[in-house]
Amino acid sequence: MTVHVQPRAAPVEDPVSREVRTESGQREVFCGLTGIVWLHRKIQDAFFLVVGSRTCAHLIQSAAGVMIFAEPRFGTAIMEEKDLAGLTDANDELDRIVTQLLTRRPDIKLLFLVGSCPSEVIKLDLSRAALRLSQRFSPGVRILNYSGSGIETTFTQGEDACLASLAPELPAAQDETSSLLVVGSLADVVEDQFMRMFDALGIGPVQFFPPRRSTALPSVGPNTKILMAQPFLPDTVRALQERGAKRLAAPFPLGVEGTTGWLRAAADAFGIDAAQFDKVTEPNRARAERALSVYKTQLADRRIFFFPDSQLEIPLARFLARELSMKLVEVGTPYLHREHLAEELKLLPAGVALTEGQDVDLQLDRCRLARPDIAVCGLGLANPLEAEGITTKWSIELVFTPIQGYEQAADLAELFARPLVRRAKLVA
Amino acid sequence: MQLTVWTYEGPPHVGAMRVATGMEGLHYVLHAPQGDTYADLLFTMIERRNKRPPVTYTTFAARDLGRDTAELFMTAARDAYARFQPQAMIVGASCTGSLIQDDPGGLAKSLGFPIPVIAIDLPAYQRKENWGAAETFYQLVRALAGPNAPPPGTKRPERAAGVRPSCNLLGPTALGFRHRDDITEITGLLGKLGIDVNVVAPMGSTPADIARLGDADFNVVMYPEIAGQAASWLHRIFHQPFTKTVPIGVSATRDFIREVAELAGVDPAAVLQDASSRLPWYSHSVDSTYLTNKRVFIFGDATHAIAAARIASEELGFKVVGLGSYSREFGRELREAAKRYDVEPLITDDYLEVEAKVAELHPELVLGTQMERHIAKRLGVPCAVISAPVHVQDFPARYAPQMGFEGANVIFDTWVHPLMMGLEEHLLTMFKDDFEFKDGAMPSHLGTGHAAPVAEAVAEPAASVATPAAPDVASATGAAAAAAAAAVWAPEAEKELQKIPFFVRGKARRNTERFANENGVATITVETLYDAKAHFAR
C-alpha cells in the first residue's frame with residue numbers, strides 16, 4: 001500500500017472558497033465546560049472551579065462520570081437564588097468558596113475560575129474576581145479565568161479558552177535561537193514519542209503547551225514557532241502570535257500523511273534537509289503503513305457520516321478518505337477555521353459535503369436517508385442511531401484516546417473498524 | 001453559592017425531562033443554551049434508551065442574546081410541533097433560559113397550537129431534580145385530568161357490581177431506579193388481588209391516559225418524591241384515596257397488600273398466605289447467623305433509604321448505625337425513621353459530609369447511591385446500591401425489581417453478596433494460622449482489587465493521605481487520623497494485635513485507639529487492647 005507523503009498536486013478546489021453548508025438550529029454538542037474533563041488530567045496541579053448552576057455541575061459529572069469517574073480536580077460553585085439578587089454578594093460568596101477550596105486542597109497551584117452560561121448572562125466579572133483572588137493567594141496559587149459556557153463555546157473550544165487565558169502567563173523567551181512550541185493537549189505518551197522524533201530530527205528546543213505542571217510553563221517570544229497539535233485553538237494561537245510567535249502551516253498529526261506533513265512543517269522551519277527527514281521518519285512511516293494495511297481491508301469503500309462535535313472531523317475525514325479509502329458522505333464540524341485548516345482542506349477529496357454548525361433534526365434526516373456504514377456522533381445520538389440500524393462511533397472517544405502520530409495511526413483506524421467488526425460479529 | 005464536587009440530583013428541568021421521556025405523545029420545548037443538550041445522554045447512554053428524549057432545545061448562543069431569543073423559542077416550538085405532532089406539549093426554561101426571562105409559556109400559547117400546552121415553571125436556583133419531576137407531573141395531571149373532574153361537592157359514584165376495582169400506579173419515570181421492573185412487579189401483585197391497573201403514569205402513559213386518571217378507584221403512590229403532590233391533588237379533586245406504604249421489603253409488601261385490599265374492598269388473605277419471597281427463610285437459615293448486628297450505614301433518596309433501614313433492621317438483623325438522605329423535602333419522614341433506630345439522621349446533599357460520616361462510623365456495610373459506592377470502595381467497606389442517582393449498572397438486563405416479593409429476593413442477594421458468607425467467615429477464623437493465609441487476604445469473590453489495603457484502610461485513614469487519587473478523603477478524615485495517632489502502641493500490644501484475625505484487626509485497632517483516646521491512655525498495652533475489647537463488647 002502506498003501512502004502519499006507529499007500533498008497531492010491536484011487540489012481541485014481552492015480551500016478558502018470550498019463550499020460549506022452552514023446550519024443553525026438545535027445543536028447536539030457539549031459545551032466548553034467539558035474540556036475540563038481532559039484538561040484536569042493534563043495539567044496535574046490545576047483545579048477547575050466552574051462558577052455556574054446545578055446544571056453545570058450535573059453536566060461535568062455526567063460527561064466525565066460515564067467514562068472515568070475519578071476523584072476529580074474540578075468542582076462547581078453552584079449559584080443560588082440569593083447570589084442572583086446582587087452581584088456584590090456573588091463576589092463575596094465566590095471568595096468564600098475559593099478560600100474553602102484552597103484550604104481543602106493545598107496541592108493546587110493553578111486555579112481556573114470557569115465561566116458558565118448563567119455567570120455570563122448575569123455578567124459576573126470573573127476576570128476581576130481572578131485578579132482579586134490572585135492578589136490574596138499569590139505566590140502560592142495562580143488564579144485565572146476563562147469561559148466554558150455553552151453560549152460562548154462548544155466542546156473542544158473550552159480548551160482553547162483555557163489555554164488562551166494561560167498564554168499571557170507564559171514567561172518571555174530569553175533566547176535568540178528558534179524554539180518549537182507544540183500547542184494543544186496531547187496524551188503524555190504521544191508527547192514523548194514526538195519529543196524523541198524531534199530529537200532525532202535535530203529540532204529543538206521543543207516545548208509543549210499545556211504543560212504537565214503549571215509550575216513549568218513554556219516560554220514564548222518572537223523566535224518561537226508554533227505547531228498546532230489540535231485544530232480547535234484559534235484564540236490560543238492568536239494570543240501566542242501577539243507575543244511574537246509564528247504559526248507553522250501544517251496538516252494535523254493524524255494518520256501517516258498528517259503526521260509526516262506536520263513533522264515536515266517543523267523540519268522545514270528548522271532547516272532540516274530532506275534526506276535527514278526521510279532517514280528519521282521512514283522507519284516509522286513504514287511501520288505505521290504496515291499496521292494500517294489491516295484496517296484498510298476492513299474500511300475501504302465504507303461510507304462514513306460525521307456529526308459535528310470536536311472540530312477534529314476534517315482531519316479525521318482526510319485520514320479516513322486518503323489512507324483507508326473510506327467514502328465521506330457528510331463531514332460536519334461545529335466551526336471551520338479556514339486558515340488553520342487550509343492544509344487539511346487542500347487534501348480533502350473534491351466534492352465532499354461539508355457542514356458547519358448544526359440543525360440536528362435536519363442532519364439526522366440526511367443521515368437516515370444516506371444510510372452510511374458508520375456515523376460519528378455525540379453520546380446523546382449514538383444509541384438512538386444504533387437502534388435504527390446505523391453503526392456509530394462516539395466522537396468523544398476521539399478526543400480522549402491518544403490518536404496522534406505514527407504509532408497511533410493504526411489505533412485510530414481501529415476505533416472506526418471496531419464498531420463495524422462488532423456489528424458483523426453479532427448474530428442475535 | 002455552594003461548593004460541589006459531586007451532586008446527588010440534577011437541576012429541576014432534568015426532572016421534567018424524566019417525566020416527558022417516560023411518556024409517549026408528549027413533547028418538551030426547553031429554552032436552554034447549547035450544552036444543556038448533554039441531558040440527552042443520561043437517557044440514551046445511562047438508561048440505554050433507544051430513542052432520543054422528546055425534547056427540543058432552543059440552544060441559544062451569545063450572539064442570539066443581542067437579538068430576539070423569544071423569536072428563537074417560537075421557531076423551535078413551531079418546528080417541534082410540526083415535526084413531532086405531539087398530543088400535548090410542555091414548555092419551560094433551564095437555569096440560563098430562565099435568566100433571560102422570555103416567558104416560554106406565554107410565547108407558546110400565542111402560537112395557538114390545537115393541543116394542550118402546559119408551562120412548567122421550575123425555579124432552577126432553588127430546586128432540584130426530584131422536585132422538578134414532581135412539579136411537572138402535578139402540572140400535567142392538573143392540566144390534562146382537570147377538565148374531567150367531577151363538579152365540586154359531588155360524590156364518587158359507587159363501583160357497579162361485578163366490576164373489578166382499579167387503581168393508577170403513580171410515580172415511575174424515565175431514569176428511575178428500577179422503576180421499569182417495579183411496575184411489572186406491582187402490577188402482578190395487584191392482579192393477584194383482583195385489582196386492575198387503569199393507568200401507569202408518568203412512565204408508559206400518553207397525555208390521553210393522564211386525562212383518564214380519574215376513572216380509577218384509588219392511586220398507588222410508588223415513589224412519593226415524584227407522585228406525592230399529584231396524588232394529593234387527585235385526592236382533593238377526584239376523591240381518590242392513595243396508598244402510604246411503599247412496598248419495598250417483605251413486611252412493607254405485606255402492609256401494602258393489606259392497604260390496597262382495604263382501599264379496593266377485596267380480601268388479601270390468599271395473597272398474604274402465598275409467601276412467595278425467599279428472603280424470610282434465607283434470613284432465618286443458619287448461614288445467615290453471621291449477619292447478626294452487622295453495622296450498616298444507609299444513604300439515598302428518602303423512600304429507598306427509609307425502606308432499606310426497615311429491611312436491614314427487621315428482615316436481615318443488621319444494626320442501622322447511620323441513616324441519611326439528600327431528599328430535603330422528606331426530612332420529617334426521615335427524622336421519624338431515624339428515631340426508630342436511635343440514630344442521628346443525616347440530611348444533606350454534600351457528599352463530603354456523607355463521606356466523613358461513613359469514615360467516622362466505620363460500618364461493615366454501606367447501602368447507598370453510586371457515590372457511596374465510591375466512598376465505600378475508598379474506605380474498603382462492602383457496599384450495595386439502593387437508590388438513584390443512577391448508573392448504567394442500575395439498568396440490569398435481567399428482571400431486578402426492588403418492590404414486592406421478588407424485589408425482596410433481589411434485595412437479599414444484592415445486599416448480602418458483598419459481605420463474606422457465614423461459613424466462609426467461620427472457616428477464615430478456623431484457618432487463620434494456615435500458612436496460605438496472609439495479612440490482607442480477602443475473600444476471592446472480592447477480586448484482587450480488594451487485596452492488602454482493605455482491612456487496614458478503615459483503621460488507618462492516614463494511609464489515604466499518600467494516595468494521590470483520593471486527596472479529598474485525606475482531608476475529610478485527616479482530623480480523625482490525627483486524633484487516632486495520639487496514642488502509641490507498645491510493641492507487645494502490637495504483637496498481640498497481630499494475633500487477631502486480619503479481617504477484624506482493622507476494627508480492633510481503631511476501637512482500641514478510640515478507647516485509648518477517650519480514656520487518656522498514652523501508651524496502648526495488651527491490657528488496653530483487652531480493656532477496649534471488653535468496652536466495645538458491651
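Order of the sequence lines fixes the chain letters, A, B, ..., with proteins taken first and strands second; residue numbering starts at 1 for each chain. Nothing here was measured: the structure is a model prediction, and the numbers come from that model.
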With a 4.5 angstrom heavy-atom cut-off, is it the side chain or the backbone of A/Leu94 that approaches chain B, or both, or neither? both
Go through the atoms of A/Thr153 and report whether side chain, backbone, both or neither lie under 4.5 Å from a heavy atom of chain B. backbone
Can you find a heavy atom in the side chain of B/Arg52 that is under 4.5 Å from one in the side chain of A/Val360? yes
If you count heavy-atom pairs under 4.5 Å with chain B, which of A/Gly75, A/Ala387, A/Gly380 comes out on top? A/Gly380
Contact origin within A/Asp365 toward chain B - heavy atom pairs under 4.5 Å: side chain
Mind ranking B/Lys128, B/Glu129, B/His13, B/Lys51 by heavy-atom pairs under 4.5 Å with chain A and telling me who comes out on top? B/Lys128
Find the distance between CG (A/Asn383) and CD1 (B/Ile46) and round it off to the nearest 0.5 Å. 11.5 Å
Check whether A/Val98 gets within reach of chain B through its side chain, its backbone, both or neither, counting any heavy atom under 4.5 Å. neither
Where on A/Val50 is there a heavy atom nearer than 4.5 Å to chain B: the side chain, the backbone, both, or neither? neither
Inter-residue atom distance A/Ile151.CD1 - B/Asp64.CG, 0.5 Å rounding: 9.5 Å
Answer with side chain, backbone, both or neither: which region of B/Leu3 has an atom nearer than 4.5 Å to a non-hydrogen atom of chain A? both
Do B/Gln2 and A/Arg54 have side chains that approach each other closer than 4.5 Å (heavy atoms only, starting at C-beta)? yes
As an exercise: rank B/Thr59, B/Val392, B/Leu72 by heavy-atom pairs under 4.5 Å with chain A and give me the winner. B/Thr59
Based on non-hydrogen pairs under 4.5 Å, which of B/Thr56, B/Thr96, B/Asp40, B/Ile100 is most in contact with chain A? B/Thr96
Proximal component of B/Arg49, with respect to chain A [non-hydrogen, under 4.5 Å]: backbone
Rounded to the nearest 0.5 Å, how far does CZ of A/Arg27 lie from OG1 of B/Thr37? 9.0 Å
Heavy-atom count around B/Asp349 CG within 6.0 Å, excluding the residue itself: above 12? yes
Between B/Gly97, B/Ala39, B/Cys95, which residue shows the highest count of heavy-atom pairs closer than 4.5 Å to chain A? B/Cys95
With a 4.5 Å cut-off on side-chain heavy atoms, are B/Leu65 and A/Glu120 touching? no
Option in A/Cys117, A/Gly378, A/Cys31 with maximal non-hydrogen atom pairs under 4.5 Å from chain B: A/Cys117
Test side chain to side chain contact (heavy atoms under 4.5 Å, CB included) on B/Arg83 and A/Leu362 and set out the steps. CA-CA 10 Å; B/Arg83 175 175 285 267; A/Leu362 297 179; 3.8 Å; yes
Taking B/Tyr125's backbone N and O only, do any of them form a donor-acceptor pair with A/Glu81's side chain (distance below 3.5 Å, no angle check)? no
Heavy-atom proximity to chain B below 4.5 Å, by part of A/Leu364: side chain
Answer whether the closest heavy-atom distance between the side chains of B/Asp79 and A/Gln26 falls below 4.5 Å. no
Rounded to the nearest 0.5 Å, the OG1 atom of A/Thr55 sits from the OH atom of B/Tyr38 at a distance of 5.5 Å
What distance separates A/Ile97 CD1 from B/Met1 CE, expressed to the nearest 0.5 Å? 7.0 Å
The interface call for B/Tyr8 against chain A, heavy-atom contacts under 4.5 Å, is neither
Can you tell me which portion of B/Ser94 sits under 4.5 Å from chain A's heavy atoms? Options are side chain, backbone, both or neither. neither
Could you walk me through whether B/Thr4 and A/Gln61 pass the side chain to side chain contact (heavy atoms under 4.5 Å, CB included) check? CA-CA 10 Å; B/Thr4 314; A/Gln61 171 175 317; 5.9 Å; no
Find the one option among B/Pro389, B/Pro33, B/Ala76, B/Ala62 whose heavy-atom pairs under 4.5 Å with chain A are most numerous. B/Ala62
Euclidean distance, A/Leu59 CG relative to B/Leu41 CG, rounded to 0.5 Å: 8.5 Å
Flag, side chain of A/Glu386 to backbone of B/Asn50, donor-acceptor distance under 3.5 Å: no
